[in-house]
Q: 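Handing you this structure, nothing more for now.
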Number of protein chains: 2
Amino acid sequence: MADANILNAGNTAASAQFLREAEIRRGIELLYFGYTNMVRGADGLLDRHGLGRAHHRALYFIARRPAMPVGDLLALLNITKQSLSRVLADLQGRGLVIQAVGQRDRRQRLLELTPEGATLEAALFEELRTGMAGAYAQAGQNAVTGFWAVLTGLIPAVDRPMIQELQAGL
Amino acid sequence: MADANILNAGNTAASAQFLREAEIRRGIELLYFGYTNMVRGADGLLDRHGLGRAHHRALYFIARRPAMPVGDLLALLNITKQSLSRVLADLQGRGLVIQAVGQRDRRQRLLELTPEGATLEAALFEELRTGMAGAYAQAGQNAVTGFWAVLTGLIPAVDRPMIQELQAGL
DNA sequence: TATTTGCGTCAGCCATGTTGACGTATTTTG
DNA sequence: CAAAATACGTCAACATGGCTGACGCAAATA
């Protein structure tokens with residue numbers, strides 16, 4: 001990160017060039033196409049299971065943070081509980097997810113994948129992994145670090161701890 | 001790009017570490033949150049105009065490539081013409097977009113923003129620009145290059161020329 | 001004990017994607 | 001030149017996944 005603040009060095013000419021509209025638009029476009037291509041990778045498998053992208057997101061985060069309370073998942077997904085309830089009802093009805101009463105707080109419902117849910121999530125992850133691993137390999141380790149840095153900067157600072165916690169202990 | 005192929009040097013230990021699941025999941029998560037936070041930035045302004053994200057995407061690309069034929073926009077958005085037609089009808093009804101008969105091929109309908117459409121698109125772009133410029137500035141130029149490289153790798157090679165053309169002449 | 005919190009649910013609506021079937025003008029091809 | 005392909009539009013029906021609003025209940029907290 002030696003150059004992390006290259007723009008703040010008072011070099012207005014470099015700054016003006018660096019922040020040119022074309023560079024911003026390039027980022028917007030690559031982010032749009034990169035994201036949509038990534039998520040599209042799992043659509044076929046989801047279809048075969050009669051699930052949609054909303055189900056995938058829920059499965060993903062439950063796999064990532066076992067025993068997550070419903071409220072935490074709501075905060076991550078940034079949707080209403082009514083929207084999530086439809087998805088969770090589907091997943092529980094298919095035996096992919098189960099809930100347990102919280103020990104510390106018995107009002108909480110802690111979400112877990114069943115073995116079947118874990119198997120499906122692993123297969124869905126594999127679809128994403130292929131694309132991401134290929135992109136990492138093509139771009140190189142140094143590029144990956146930059147990729148993370150820019151994306152982190154797009155996330156409001158208040159939300160970063162919540163996302164950082166997903167990484168904890170891995 | 002001196003390190004672009006660091007992984008292909010036959011160092012299987014480094015490769016195994018680099019491609020570990022945690023790194024992949026980190027990329028997936030940052031890409032998800034980065035993308036959703038970026039697009040959310042324009043929601044308020046869109047709401048005030050009674051438009052949705054689908055309208056924004058169309059406005060964005062029409063601004064980016066004036067005189068784009070409908071078919072090209074369909075290819076970029078990767079949706080059906082029926083879906084796009086609703087959006088374009090809205091935009092034309094509000095006087096934000098107009099169509100012109102193609103000169104070379106009179107079957108084509110070339111899309112253009114009206115002055116009002118251009119004004120709105122500029123305001124929407126400004127909402128995105130703020131977030132992206134901040135992320136670029138925080139991360140540094142070198143990180144931005146890596147950001148672009150990884151995202152490009154996520155896009156199927158066959159689609160890259162189409163996206164590259166958006167940059168042409170800017 | 002009163003209030004707040006975590007979660008669930010019913011009901012209805014909206015935005016935006018899909019398929020399928022047709023129609024028309026224009027260009028291209030055999 | 002006639003036939004086929006292409007670019008675009010449209011009608012109709014449906015699926016997914018968001019939303020708001022209104023309630024209810026059990027458990028934790030003040």
Side-chain angles (χ1 to χ4, degrees), chain A residues 32 35-36 39-40 42-62 67-94 97-112, chain B residues 32 35-36 39-40 42-62 67-94 97-112:
Chain A
Y32 168 69
Y35 174 75
T36 61
V39 300
R40 194 166 18 245
D43 283 352
L45 182 52
L46 287 167
D47 256 25
R48 269 169 262 140
H49 287 260
L51 300 173
R53 290 178 180 181
H55 302 93
H56 188 186
R57 288 192 288 273
L59 281 174
Y60 181 94
F61 287 117
I62 296 169
M68 180 162 48
V70 170
D72 287 13
L73 184 53
L74 282 173
L76 278 171
L77 294 172
N78 201 37
I79 59 176
T80 61
K81 63 179 177 177
Q82 293 91 331
S83 294
L84 180 58
S85 87
R86 263 192 308 228
V87 169
L88 285 182
D90 284 353
L91 294 175
Q92 290 180 275
R94 288 160 187 273
V97 166
I98 49 171
Q99 288 183 330
V101 172
Q103 309 86 48
R104 293 195 320 248
D105 185 336
R106 292 162 47 82
R107 290 171 304 180
Q108 289 186 330
R109 295 295 175 270
L110 308 181
L111 298 163
E112 297 271 6
Chain B
Y32 168 68
Y35 174 75
T36 61
V39 300
R40 199 170 10 249
D43 282 353
L45 182 52
L46 286 167
D47 256 24
R48 270 170 261 140
H49 286 261
L51 300 173
R53 290 178 180 179
H55 301 93
H56 188 186
R57 287 192 289 274
L59 281 174
Y60 181 93
F61 286 118
I62 296 169
M68 181 161 47
V70 170
D72 287 14
L73 183 54
L74 282 173
L76 279 171
L77 294 173
N78 201 37
I79 58 176
T80 61
K81 63 180 175 175
Q82 293 92 328
S83 294
L84 180 58
S85 87
R86 260 193 310 231
V87 170
L88 285 182
D90 284 352
L91 294 174
Q92 291 180 276
R94 288 160 187 271
V97 166
I98 49 171
Q99 287 184 329
V101 172
Q103 308 86 51
R104 293 194 323 246
D105 185 335
R106 293 161 45 84
R107 291 171 304 180
Q108 290 185 329
R109 296 293 176 270
L110 308 181
L111 298 163
E112 298 271 4

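The sequence lines fix the lettering, A, B, ..., with proteins before strands; numbering per chain opens at 1.
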Q: Rounded to the nearest angstrom, tell me the gap between atom CG in A:Leu111 and atom P in C:dG6.
A: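 Atom-to-atom, A:Leu111 to C:dG6, this comes out as 15 Å.
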Q: If the cut-off is 4.0 Å, is B:Gln108 near the phosphate of D:dT6, judged by side-chain N/O to OP1 or OP2?
A: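 Result: no.
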Q: For C:dG17, does OP1 or OP2 lie under 4.0 Å from any side-chain N or O of B:Arg57?
A: yes
Q: Does B:Ser83 have a side-chain nitrogen or oxygen under 4.0 Å from the phosphate oxygens OP1 or OP2 of C:dT18?
A: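 The answer is yes; a side-chain N or O of B:Ser83 sits under 4.0 Å from OP1 or OP2.
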Q: Within the structure provided, determine whether B:Leu51 and B:His56 are in side-chain contact (heavy-atom separation under 4.5 Å).
A: no
Q: B:His56 NE2 to C:dT16 P: how many Å, rounded?
A: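 Spelled out: NE2 on B:His56 to P on C:dT16 is 12 Å.
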Q: CZ of A:Arg109 versus C1' of D:dC25: gap in Å, rounded?
A: 10 Å
Q: Considering only C:dT26, D:dA22, D:dC8, which nucleotide approaches the side chain of A:Gln82 most closely?
A: D:dA22
Q: Taking the side chain of B:Ile79 as heavy atoms from C-beta outward, which of C:dT18, C:dT9, C:dG6 is closest to it?
A: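 Looking only at side-chain atoms, B:Ile79 lies closest to C:dT18.
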Q: Round to a whole Å and report the spacing from CG of A:Asp47 to P of D:dG17.
A: 10 Å
Q: Here's a test of your reading of the structure: between A:Ala54 and B:Ala89, which maps to the more 5' nucleotide of DNA chain D?
A: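 Its nearest nucleotide lies further toward 5', so the answer is B:Ala89.
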Q: Under 4.0 Å between a side-chain N/O of A:His55 and OP1 or OP2 of D:dG17, yes or no?
A: yes
Q: D:dC8, D:dC11, D:dC23: which one has an atom nearest the side-chain heavy atoms of A:Lys81?
A: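 When the side chain of A:Lys81 is considered, D:dC23 is the closest of D:dC8, D:dC11, D:dC23.
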Q: Toward the 5' end of DNA chain D, which comes first, B:Leu74 or A:Asp90, by nearest nucleotide?
A: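 In this pair, the answer is B:Leu74.
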Q: Counting side-chain heavy atoms from CB outward, which of D:dA27, C:dC7, C:dG17 is closest to A:Pro69?
A: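 Within the option list, the nearest is C:dC7.
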Q: About how many Å separate CG of A:Leu73 and CG of A:Leu88, when rounded to the nearest 0.5 Å?
A: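 The CG atom of A:Leu73 is 6.5 Å from CG of A:Leu88, to the nearest 0.5 Å.
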Q: If only atom types and distance count, is the side chain of B:Arg94 paired as donor or acceptor with the main-chain N or O of B:His49 below 3.5 Å?
A: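 Yes.
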Q: Within this structure, what is the CD-to-P distance between A:Gln92 and C:dG8, rounded to whole angstrom?
A: 7 Å
Q: Scan B:Arg53 against the nucleic acid and name what it touches under 4.0 Å (heavy atoms): base, sugar-phosphate only, or nothing.
A: sugar-phosphate
Q: Testing the basics here: between B:Ala58 and B:Val87, what is the closest heavy-atom pair and its distance to 0.1 Å?
A: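 Taking every non-hydrogen atom into account, CB-CG1, 3.9 Å.
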Q: Using atom CG of B:Asp72 as one end and atom P of D:dA7 as the other, report the distance to the nearest whole Å.
A: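 After rounding, the gap between these two atoms is 9 Å.
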Q: Tell me which of B:Val87 and B:Arg107 sits closer to the 5' end of DNA chain C, going by the nucleotide each one is nearest to.
A: B:Val87
Q: So does B:Thr80 get a side-chain nitrogen or oxygen closer than 4.0 Å to the phosphate oxygens (OP1/OP2) of C:dT18?
A: yes
Q: Output the rounded distance in Å from CG (A:Leu110) to P (D:dA27).
A: 14 Å
Q: Taking atom CZ of A:Arg106 as the centre, report whether more than 12 heavy atoms of other residues, nucleotides or ligands fall under 6.0 Å from it.
A: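 Incorrect, the count does not exceed 12.
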Q: Taking only N and O in the side chain of A:Gln99, is any of them less than 4.0 Å away from OP1 or OP2 of C:dG8?
A: yes
Q: Using atom CG of A:Asp43 as one end and atom C1' of D:dG17 as the other, report the distance to the nearest whole Å.
A: 14 Å
Q: CG/A:Leu111 to CD/A:Gln99 distance, rounded to the nearest 0.5 angstrom?
A: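 If I round to the nearest 0.5 Å, the distance is 5.5 Å.
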Q: Show every donor-acceptor pair shorter than 3.5 Å between a side-chain atom in residues 74-86 of chain B and any protein atom, with sequence neighbours excluded, or say none if there are none.
A:
| residue | atom | partner | partner atom | Å |
| --- | --- | --- | --- | --- |
| B:Thr80 | OG1 | B:Ser83 | N | 3.3 |
| B:Thr80 | OG1 | B:Ser83 | OG | 3.1 |
| B:Ser85 | OG | B:Gln82 | O | 3.1 |

Q: So for the helix from C:dT1-D:dA30 to C:dG30-D:dC1, with five pairs setting each end axis, what is the inter-axis angle to 10°?
A: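 Angle reported: 30°, given to the nearest ten degrees.
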Q: Look at the side chain of B:Arg86 against the base of C:dG17 and say whether a donor-acceptor pair falls under 3.5 Å; ignore hydrogens and angles.
A: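 Per atom types, the contact qualifies.
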Q: Would you please classify the geometry between the A:Tyr35 ring and the B:Tyr32 ring as parallel, tilted or perpendicular, with 30° and 60° separating the classes?
A: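 Tilted.
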